Amino acid sequence: MPETTLRLATPEDAARLQPLVHRAYRGDTARKGWTHEADLLDGNRIDVDSVAAIVADPDQAVVMAERDGAPVGCVQVSGKGGGLAYLGMLSVEPELQGAGLGRKLVREAERVAVGRFGADRMEMTVIVQRAELIAWYERLGYVRTGETRPFPATDPRFGLPKRDDLAFTVLERCLT
């Protein structure tokens, strides 16, 4: 198996990362993986301009995984201040899911959160209907805070809901 390397994404990587994120979350390609939103949402998960803005923002970083020069995974880390960082956009090529790359990306995101943003805890939001994914994050040490947040159902930048009861649950993990 080819070696997987991790590095921080640059603005030049945005156009390569956007299709990866879409494949991991939406459409028939996403169904090849064990976790996806294809049954909950249509539309794009994120556009190239949004990926480029995240990568260019000094308060955010995208860790990307590459094999043979091609992106096969990524995760977003955002510094929120007050010791808090946010983990988002965890994406792994659907056919590579289940082989440990997601776990590796989460752990690297946590390292970046501590080293770059001085975080002592990491939070994330997960659509409440994604029980398997929530359970996976719980196995990584994340706990539900009891907080829920509304899903931006009227903003097509986040997808087109196939149901009207989508919401986010908040999970958090202590990093120290």
Side-chain angles (χ1 to χ4, degrees), residues 1-10 13-48 50-52 54-55 60-78 85-113 122-144 149 151 157-163 166-173 175:
M1 178 180 290
E3 181 181 352
T4 302
T5 59
L6 300 181
R7 67 173 176 86
L8 292 180
T10 66
D13 295 314
R16 296 184 323 131
L17 289 173
Q18 185 275 335
L20 164 71
V21 174
H22 182 76
R23 285 191 304 274
Y25 284 87
R26 306 280 164 78
D28 289 335
T29 304
R31 295 176 197 282
K32 294 177 183 175
W34 70 269
T35 177
H36 58 80
E37 299 172 345
D39 296 329
L40 302 173
L41 296 153
D42 278 329
N44 278 329
R45 169 61 172 77
I46 195 165
D47 60 31
V48 174
S50 296
V51 175
I54 292 168
V55 171
Q60 300 189 74
V62 174
V63 176
M64 64 183 288
E66 291 180 303
R67 286 190 184 165
D68 295 328
V72 294
C74 67
V75 63
Q76 170 189 359
V77 185
S78 304
Y86 180 85
L87 184 144
M89 200 170 67
L90 178 61
S91 306
V92 174
E93 277 291 354
E95 293 172 349
L96 299 177
Q97 292 177 12
L101 182 54
R103 178 183 301 266
K104 187 175 181 180
L105 283 162
V106 169
R107 294 304 183 223
E108 182 64 11
E110 293 169 348
R111 191 190 67 72
V112 169
M122 180 86 87
E123 79 167 13
M124 69 181 71
T125 56
V126 180
I127 296 173
V128 297
Q129 289 83 358
R130 299 187 71 198
E132 284 183 4
L133 183 59
I134 292 168
W136 183 78
Y137 281 120
E138 288 174 331
R139 290 191 298 274
L140 294 181
Y142 286 82
V143 295
R144 297 179 212 209
R149 296 178 186 164
F151 185 86
R157 292 178 304 156
F158 298 98
L160 306 170
K162 293 182 175 184
R163 49 193 292 176
L166 298 181
F168 292 112
T169 188
V170 179
L171 291 93
E172 188 172 283
R173 181 174 186 272
L175 300 178

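Counting begins at 1 with the first residue of the sequence. Note that the coordinates shown come from a computational prediction; the quantities given were computed from them, not determined experimentally.
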Subject >> Pairwise distance CZ(Arg16) to SG(Cys74) - rounded to 0.5 angstrom >> reply: 11.0 Å
Original post:
So, Glu108 and Arg103, do they make that salt bridge, N to O below 4.0 Å?
Top reply: no
Subject >> Rounded distance [0.5 Å steps], CZ in Arg107 versus CG in Leu6 >> reply: 13.5 Å
**OP:** Step through the shown structure and confirm whether more than 12 heavy atoms of other residues, nucleotides or ligands are within 6.0 Å of CD on Glu95.
**Re:** no
Original post:
Quick one: do the Arg67 and Thr4 side chains pair a donor with an acceptor below 3.5 Å?
Top reply: yes
Original post:
Between Arg149 and Phe168, is NZ or CZ placed under 6.0 angstrom from the six-membered ring centre and within 45° of the ring axis?
Top reply: no
Original post:
Can you tell me how far CG of Asp13 sits from CD of Gln18, rounded to the nearest 0.5 angstrom?
Top reply: 13.5 Å
Subject >> Interatomic distance, Leu17 atom CG to Ser91 atom OG [nearest 0.5 angstrom] >> reply: 8.5 Å
Subject >> salt_bridge(Arg130, Asp39) N-O dist < 4.0 Å >> reply: no
**OP:** To the nearest 0.5 Å, tell me how far Arg7 CZ sits from Met64 CE.
**Re:** 4.5 Å
Original post:
Are Lys162 and Asp42 within salt-bridge range, i.e. N to O under 4.0 Å?
Top reply: yes
Original post:
Rounded to the nearest 0.5 Å, how far apart are CG of Leu133 and CD1 of Ile127?
Top reply: 9.5 Å
Original post:
Can you find a pair of side-chain heavy atoms, one from Leu166 and one from Leu41, that are under 4.5 Å apart?
Top reply: yes
Original post:
So which heavy atom on Leu87 is nearest to which on Met124, and how close?
Top reply: O-CB, 3.4 Å
Original post:
Arg144 versus Ile134: any side-chain heavy-atom pair under 4.5 Å?
Top reply: yes
Original post:
Does the side chain of Gln97 come within less than 4.5 Å of Lys32's, by heavy atoms?
Top reply: no
**OP:** Search all heavy atoms of Leu140 against all heavy atoms of Arg173 and return the closest pair with its distance.
**Re:** O-NE, 3.1 Å
Subject >> Closest heavy-atom pair and its distance - Leu171, Tyr137 >> reply: CD2-CB, 4.1 Å
Original post:
Within the side chain of Tyr86, is there an N or O that forms a donor-acceptor pair under 3.5 Å with the backbone of Gln60?
Top reply: no
Original post:
Does the side chain of Leu105 come within less than 4.5 Å of Val92's, by heavy atoms?
Top reply: yes
**OP:** State, to 0.1 Å, how close Ala61 and Val112 come at their nearest heavy-atom pair, and which atoms those are.
**Re:** CB-CG1, 4.2 Å
Original post:
Hey, are the side chains of Met89 and Val75 touching, using non-hydrogen atoms and a 4.5 Å cut-off?
Top reply: no
Subject >> Nearest heavy atoms of Leu8 and Val63, plus distance in Å >> reply: CD2-CG2, 3.9 Å
Original post:
Tell me, do Val106 and Trp136 make a side-chain contact under 4.5 Å, heavy atoms counted?
Top reply: yes
Original post:
Do you see a donor-acceptor pair shorter than 3.5 Å between the side chains of Thr5 and Glu3?
Top reply: no
Subject >> Nearest heavy atoms of Pro161 and Phe151, plus distance in Å >> reply: CG-CE2, 3.9 Å
